[in-house]
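Read the structure below first, then the notes.
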Amino acid sequence: MIKGDKMKTSKIVIALLILILLSVGLWYAIFNIANSYRIELDTEKPNARNLTTEQKIEDFNYLYNTMKDNFPFFEVKKRMIGYDWLAQKNEFQNRIRNTKSDREFYGELNKIVNLVQNAHTHILQGAFAEELRTIYADPNSGYSPSRRNILNNEKAIEMLKYWENKLTSYDNYIPIIFRYVEGKYVVLDGNLEEYEIPKGAILTKVDDVGIEQYIKSLSNNRYLSYDYKRKQQMLGELTIFAEPGSEVKLTFITRDNKVFDAIVSEDQFSYEFIEKYYGNGDDKNYSLKILQDNKTAYIRLKSMMTADSFSSDEDGKVIYKFLQQVQDYPYLIVDIRGNGGGSDGYWRNNLVAYLLNKHTYYDAHLLYKDSDYIKPFIEDRYSLFEAKPTTQLPDNKNYPPEAMTEFKNYVTTTNDVVPKNPVKFKGKIYLLVDGDVYSAAESFASFAKSIGWATLVGTTTGGDGIIADPALMMLPNSGIVIRFSSCMGLNPDGTANEEYHTAPDIYVEQSFQDFLNIIDNNEVPLDEISKYDTIINHVLNLINSDK
C-alpha cells in the first residue's frame, strides 16, 4: 500500500475497528484491538481548551484518590506482575505537571491508566463510549442514576467530542503480525517478502531489547495478558508500534536456528490483510459443525454479544435447532477460545438453558471497598441490604491476604440458569478455553467448571469475569471519563478470579509445530477448524479412546 493511500486506509481501519467493537466481545474487544492499533495525538487540531497545570494535577489527584479508595486489584497486581501503581504517585504527578498541552496531558494520563493493567480499566472514547451511553440512558435498564448521569449529561457529551476532535486514529506500526505460541512470538504474516522474513521465524529482540523486556515495556500502552505456565506477561497477538517514517531493528531465529536482523520500516498492512485477519467473516456469532457423524458435535461462540442485540434471540433459535439435531450424540465440544465477553445472558439463554434438565444454581462472592462512591455501581446488580461483612466469608478457602483487611463487605450472587425447552442431550461436554476468554466468557468458564457442567480443555482463561459492571468516573476539569473494575470476584476456592482466572481441567496449548503447519497451509488460526488445531485434536483423541 503506497503512502498516498494512507487516509483512505485509515478510514477503512476505523470502520473495521467499530465493527469489531460492536460484534466481537464488546467489553473486552477494545483491548484486543489495542494490541494492533493505537490512538495517536493529532498535532493538526487546535488546542482550544488549554487546561492549566493546576487543573491537570487536580484531575490526576481525583483519578488517583478514586482508584485508591475503590479499585480492588492493586495487591493482586503487585503479586502477579510486581508493580505497585499506588507507590508511583509522585512520579505520575511530575509526568502530568510536565505536559505542555491538552494533547500531551491526555496521552500521559492514558499511559498512567494503562499501567493499572486491568482490561476493564481504561479511558472511554469513541464508539465504545457511545454504546455505553445508549445502554445506560434507558431508565428501565436497571442501571443506577450515578452511572447514567456520568455519561448522559451535557458536559460528558461536550468533552467526549472535544477529546475525540483532538485525537485521530493512525495505524503506525511495523507491518508484521506475530502470534504467541508456546512462549515464542512467531511470525504469522505481513509484508514479509520485502524484508526476506520467513513465516514461522521467532522474534527475539526489538531494537536490541530482549523480547520479554520489550513486552513488559508496553504496559503503559496496552493491556498485557498473563502466561500462567511461564509466569510472565504476554500478548497473544503482537504488532509493533512505530513512529511515522521510522525504522525498527528486529532480530529473529529461523526454523533452522539461524539468527538474523531485519531493519523494517513503518508501513501499512494492505486492506486485504486487514479483512483477512480482522474482518468479521460470515458475520455469524457462532459456528455449528459435525466433527464426527453420530458422535461429536461442535459449537463455537465467537463472542457473548452480537452486533445487533435483537439478533441474540435469533442466534438462540439456530443453536437450538442444531442441538435438537445432535441431541443423541455422546459428545459436544463448545469452543469459546478468543471470546472476549459481552453479556452473561447470551450463553445462559442461547446455549446452556437448552442443555440443562433442572434449574441450576451456584454462588459466587464479590468483595468491594467500603466507599460511598462505589456502592451505587454495585447496587446496579446486587442488593447491598444483603451484603455481609467479610469476616463471615465461608471458612477453609484460599482468600487473598487483603480480603479481610482492605474489604469490609461482600455480596453473594446466586448464578442460576433456568432450563428452556431442553433437548435430550445426555452426553459429555468439553469446553475449550484460552487466555482471551474474558468478562462474560470468563463467567461462563467459571460456571461450567464450578458445577461440573463441562470439562475445560485449553489454557488458563483471561479472568475478571465474576464481577459487577465496571464503575465510571469523570475527571472534574478535563471531563475525561474512565471505566474501572468495581469489585473482586472470588473463585469457588476463594482465590481472586482476576489473579488466578479459571484453570482448565486439562491443560493443552497450541503446539509450535502445529502452528507452523497452520501458517504453511495459509490458514487463519481459529477462523475455521484446522486439522492442526492441537486442542481440538487432543479432545478428539480423548473421545476416540473413551471406552
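For the numbers below, each heavy atom of this structure counts, side chains included, while hydrogens, waters and symmetry mates do not.
- Here CD1 of I336 is found 8.0 Å from OG1 of T461. Values are rounded to the nearest 0.5 Å.
- A ring-centre distance under 6.0 Å is not found for F71 and W85.
- Without hydrogens or angle criteria, Y64 side chain to L86 main chain gives a donor-acceptor distance under 3.5 Å.
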Passes side chain to side chain donor-acceptor pair (under 3.5 Å), D69 versus S371? Steps please. CA-CA 7 Å; D69 294 340; S371 161; 5.9 Å; no

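- In terms of modelled atom types and a separation under 3.5 Å, the side chain of T360 and the main chain of L356 share no donor-acceptor contact.
- Geometrically, R147 engages Y136 in a cation-pi contact, judged by NZ or CZ lying under 6.0 Å from the ring centre and within 45° of the ring axis.
- For F377, the ring-ring contact (aromatic ring centres under 6.0 Å, His included) criterion is met by Y373, not counting sequence neighbours.
- Note that OG of S439 and CE of M305 are 9.0 Å apart. Values are rounded to the nearest 0.5 Å.
- Defined by atom type and a distance below 3.5 Å, a donor-acceptor pair is missing between the side-chain atoms of N118 and Y223.
- Side chain of N497 to main chain of D464: a donor-acceptor pair is present (N/O by atom type, distance under 3.5 Å, no hydrogens or angles).
- For S450 (side chain) and F447 (main-chain N/O), no donor-acceptor pair under 3.5 Å exists by modelled atom type.
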Taking distance alone, no hydrogens or angles, what donor-acceptor pairs closer than 3.5 Å link side-chain atoms of residues 397-412 to residues at least two apart or in another chain?
residue	atom	partner	partner atom	Å
K397	NZ	P492	O	2.9
Y399	OH	P394	O	2.6
E402	OE1	R79	NH1	2.9
E402	OE1	R79	NH2	3.4
E402	OE2	R79	NH2	3.0
T405	OG1	E402	O	3.4
Y410	OH	Q392	O	3.3
T412	OG1	H365	ND1	2.9

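- For the 3.5 Å distance criterion, the side chains of Y162 and D102 qualify, holding a donor opposite an acceptor.
- The shortest distance between side-chain heavy atoms of D434 and E509 does not fall below 4.5 Å.
- No donor-acceptor pair closer than 3.5 Å links the side chain of R300 to the backbone N or O of L288.
- In this structure, the side chains of L235 and Y180 stay at 4.5 Å or more apart for every pair of heavy atoms.
- Between the T66 side chain and the Y62 main chain, a donor and an acceptor come within less than 3.5 Å of each other.
- Ring geometry for H501 against Y228 counts as perpendicular: the plane angle is over 60°, on a 0 to 90° scale with 30° as the lower cut.
- Side chain of Q327 to main chain of K424: a donor-acceptor pair is present (N/O by atom type, distance under 3.5 Å, no hydrogens or angles).
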Evaluate side chain to side chain donor-acceptor pair (under 3.5 Å) for Q117 paired with Y226, printing each intermediate quantity in order. CA-CA 11 Å; Q117 281 298 296; Y226 193 77; over 6 Å; no

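- Side-chain contact annotation: D416 with H359, donor-acceptor N/O pair under 3.5 Å present.
- Between the side chains of T99 and K56, at least one donor N or O sits under 3.5 Å from an acceptor N or O.
- The shortest side-chain heavy-atom distance between Y438 and H120 falls under the 4.5 Å cut-off.
- At a cut-off of 3.5 Å, with distance as the only test, a side-chain donor of E58 or N477 sits close to an acceptor on the other residue.
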For side chain to side chain contact (heavy atoms under 4.5 Å, CB included), just list the numbers for F444 and N339, CA-CA rounded to whole Å, side-chain angles, deciding distance to a tenth of an Å, and then say yes or no. CA-CA 11 Å; F444 180 27; N339 189 317; over 6 Å; no

